[in-house]
Amino acid sequence: MERIIGIDLGTTNSLCATVFEDGPEVIEAAGASSTTPSVMSWTDSGWLVGQEARESGITNPENTIFSIKRLMGRDLNELGDYVNQLPYQIVEAQRQLIKVRIGENEYTPQELSAEILKKVKMQAEAVLGETIQKAVITVPAYFDDAQRQATRDAARFAGLEVARIINEPTAAAIAYGLDEKKEGHVAVYDLGGGTFDISILKLSGKIFKVVATHGNTQLGGDDFDKAVADALKERIQKINPDATFDDPESKLLLKQNAESIKTELSFSPESSYSLEFPKTGLTFDGVFKVDEFESLISQMIEQTLESCSHVLREAKLAVEQIDEVVLVGGSTVIPIVRKKIESFFGKPPHVAIDPYKVVAIGAGIQGHLLAGGRRDFLLLDVIPLALGIETLGGTFSKIITGNTTIPAEESETFTTNVDNQTSIDVNIFQGERELIKDCRALGQFKLRGIPPMKSGYPLVEVLFCVDANGILTVSATEKRSGQKAEIEVIPFHGLTQFEIERIIEDSYEHALDDFNQRQLIEFRQTAERVFRGIEQSWDVAENSLSGNERTEIRKQMESVRQSMQGQDAQALKVQLDLLGDLTRPLADNAIGRKILAELQENESVI
Amino acid sequence: MTSPLFCFSCNSLQTIADNINYFEVLGFPLCFEIDHDELGNRYQRLSLEMHPDFFATAPEKEKRLSEKSSALLNAAFSTLRKPTSRARYLLSILTGDKRLKSDTLPEGFLQEMFTLQESLDELLESGDETALSGINENLQGRHTDIESDYAVLFKKFETSPENSEILQQLQTQLNSERYLRRLLDRINTE
Amino acid sequence: MAYSEKVIDHYNDPRNVGSLDKSNDNVGTGLVGAPECGDVMKLQIQVNPETKEIVDAKFKTFGCGSAIASSSLATEWVKGKSINEAMSIKNTEIVEELSLPPVKIHCSVLAEDAIKAAITDYRNRSQD
């Protein structure tokens, strides 16, 4: 059975899980953290992704990318002021697409997201000792079609086949439901780094059915950080009215400090900070109190509770009918968030499951099911928002309504306005509002190849199909002639087939380069470790090795150093191996063994 | 149970026949009265066989068939589980080639709806919660009455299938339902 | 799909919304509904009894944008026309003017019916 892992591709952190022999668990190397910060940093030697990128970020703010998830499938207009807070540079590309500019290069959010996925994939492969080709990837339930497509494209760029895209709260519900074996209505409140979802599920027997879902793809812990950062700015400007924070260093410094203040205030009544702005050399110290933090974010929490009321109405359920409230996402550890949820639902939320891991674990279980590993449960999910077309005067005409169980199919019949008309243009939108200006434009399709007939005579049946991933495809047939009309969908916020193929081609071309780069980094680090080991055991070497042997080792170390300056990973490897041979006699003592072990481990990685 | 979409004895998806109706999909006779628990059970049983999740590693053709069959099953279930959509669907099948007047309403009904809409304008403006919930309750009651009439009328039609006047009465009830629904939606969303 | 400025205008800024005095013998009222969606539309005309010309028209529609635009256009069109001319307005003309899509054709039918109902009502009343 081929393994399908589950990946929680988060705004702040990403992690993956799978089903091991003794059950589902996140994939982590012994002693290492299982989460990969969703941060990447472009350096002279290529991408740094995860913890290293996060740590080095402050010295390289313009080239350090975080919260890329919030940019997926969005345009500049929609993101509004958000892009100004970012230390990295956003540029507008064709068709309202956005790109991130790093030096001379521009990257789509999909390509950047792919770097995180590649890292997660590599780490999982290292732990499991097998290659991974397929994954279930989670997205916020309230992600629309464009955002889902973008996620799927990112996975393709990372060399992963998406076995299924599932919603984060639903993934959490799988993990919860199978663990607790409960029945009834469960509300999953998922407040992550950048997105908020509330889903209501009905668990009965083997079926986990999503009844209704609501949310906000631009609300999360990031916004709490921003509120704190703004408050910090205000404080500083009170003392120093001329202080500005528009440079990338200041933006990132504020963001990181705000984040740690927020984190500390989750378990402490106050948090003291000490800011040091590298550009200006200015420093500011102070204390942030939990009351102030709570009043800053209370409006945003209220917003999430409005979504909760909305979803209850949609589900036609009273709040008393909710049997359990499950919390998911890092932002739900904030005490005030929990308190407000408890008072809204009138019962304490279920907190026995790890809100950081539950989504990945649910995705891992779903992956196991898709791979054929079990079939004792089934998840029935919904599309979050109605899909439809633009009609008269910019009004939105729904074809598939929101909260419809997927997969779903609906058709609509079109005709022509003019005699012998052979094509019709249709604009596709997604949303719940009456006017298309309040909905999201997904794309435009042209119906071509309609047989010439009198106006109003052709019957073009356009079929909207939403698959189990919640992704829309459109097809059309002229009913009188039976002719299949051609459909060309031009995505408004996504990548065209052509663009996707070009990026994949490019990545193949660079794949060798990338691989070389990654190995180079690995080998350089190994060499540093080996050098340290040799220096530490040099005393021993003086006793156990001949002068000639010692000189040889010194000479070889120099050769390794030279290769480290170069760009050829294989050449460095050859030099390292030679050094390994020369230091073999040192294996007689403990430190020598350690060096040897270091070199052997290095071999097994290759 | 049986369904033309899935063969339980050979455990395989079946090709979807043209013009298959929602009652057939779930193995029910063409009849308004339906056992709700049984409807739910059958939906679950079929979902557990046909859902694309169980065909993730199957050949492309089978995968697509499972998407199609599940979409049809989902549509059938959501149509049949609610009385009004079930009634509307059944009426369209029973009507067939017969001609019904599409816009019949009880005497004075339209005027009443218009007046109610106008008074809603005022109530929503003033935000008078008590009056609003009073109207809501009243309309909800009438809505329920209409829904319980469907069963009576369909039963009557079963015993005298040549009497298309009964179908016309059903059409009238369904028309009235739309106007009431509209008012109720307005109260509950604005 | 490009819509004419006119269409968007009728949607965003409907003309002649309101009521005329129902008890006035020169006023005819038409009340119609669309059972497809539960829209209700009231259209009123005021007629000069001498010339039989429609001097004023008002409407009130509880419905979707297309229904509102259709009735707005209908009131614009009937004003200044004789009742006989107004009687001959066809829904297809409204469809064409507003380029209504097939799913919204019933809205234009509603507007045509409303005009006819208002004229019939006026005729009945003025004969009494």
Side-chain angles (χ1 to χ4, degrees), chain B residues 82 84-85 87-89 91-92 95 99-125 135-136 139-140 142-143 146-147 149-150 167-190, chain C residues 14 16-23 27-45 57-68 70-72 74-75 91 94 102-122 124-125:
Chain B
K82 286 165 285 175
T84 294
S85 54
R88 210 176 289 283
Y89 184 74
L91 180 63
S92 74
T95 305
R99 290 197 142 235
L100 292 184
K101 278 171 78 180
S102 63
D103 57 356
T104 48
L105 284 173
E107 186 69 33
F109 186 83
L110 201 57
Q111 181 61 54
E112 192 198 354
M113 290 300 111
F114 190 84
T115 316
L116 279 168
Q117 288 279 15
E118 280 192 311
S119 45
L120 256 193
D121 268 355
E122 285 166 25
L123 288 179
L124 288 167
E125 181 95 1
I135 284 204
N136 190 30
L139 291 172
Q140 207 64 261
R142 291 178 64 177
H143 192 262
I146 286 185
E147 288 197 326
D149 276 355
Y150 301 147
L167 297 181
Q168 187 65 60
Q169 284 170 17
L170 271 161
Q171 181 68 56
T172 307
Q173 293 293 69
L174 285 166
N175 289 344
S176 313
E177 191 277 341
R178 275 271 157 89
Y179 291 96
L180 285 172
R181 179 81 268 150
R182 193 66 187 249
L183 281 162
L184 282 166
D185 284 349
R186 209 177 151 205
I187 296 174
N188 293 307
T189 54
E190 280 180 30
Chain C
N16 309 315
V17 178
S19 294
L20 297 170
D21 179 8
K22 221 179 160 174
S23 59
V27 170
T29 303
L31 180 66
V32 292
E36 293 88 344
C37 53
D39 286 358
V40 268
M41 181 185 290
K42 185 182 79 171
L43 191 147
Q44 294 181 299
I45 50 167
K58 295 274 184 213
F59 83 94
K60 197 159 185 188
T61 295
F62 296 98
C64 66
S66 314
I68 292 169
S70 297
S71 36
S72 169
T75 54
N91 83 292
I94 297 171
V103 282
K104 294 290 178 183
I105 284 175
H106 68 267
C107 297
S108 68
V109 176
L110 204 58
E112 182 192 323
D113 289 350
I115 299 173
K116 294 208 157 72
I119 294 171
T120 312
D121 181 55
Y122 166 75
N124 290 342
R125 295 160 64 89

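Convention: sequence-line order gives letters A, B, ...; per-chain numbering from 1. Predicted model, so just to flag it, every value in this text is computed and none were measured.
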Tell me the closest heavy-atom pair linking B:Ser102 and C:Pro35, and the distance in Å.
O-CG, 3.5 Å
Point-to-point distance, once rounded to the nearest 0.5 Å, from CG of B:Leu110 to NZ of C:Lys42
12.0 Å
CE/B:Met113 to CG/C:Leu31 distance, rounded to the nearest 0.5 angstrom?
11.0 Å
Could you look at B:Gln111 and say if it's the side chain, the backbone, both or neither that has a heavy atom under 4.5 Å from chain C?
both
Does B:Tyr179 use its side chain to pair, donor to acceptor, with the backbone of C:Cys37 at less than 3.5 Å?
no
Mind ranking B:Asp121, B:Leu174, B:Leu180, B:Leu105 by heavy-atom pairs under 4.5 Å with chain C and telling me who comes out on top?
B:Asp121
Side chain to side chain donor-acceptor pair (under 3.5 Å) with C:Asp39: which of B:Arg178, B:Arg182, B:Gln117?
B:Arg182
Interatomic distance, B:Leu183 atom CG to C:Phe62 atom CZ [nearest 0.5 angstrom]:
9.0 Å
Measure distances from B:Glu118 to the heavy atoms of chain C and classify the residue's part below 4.5 Å as side chain, backbone, both or neither.
both
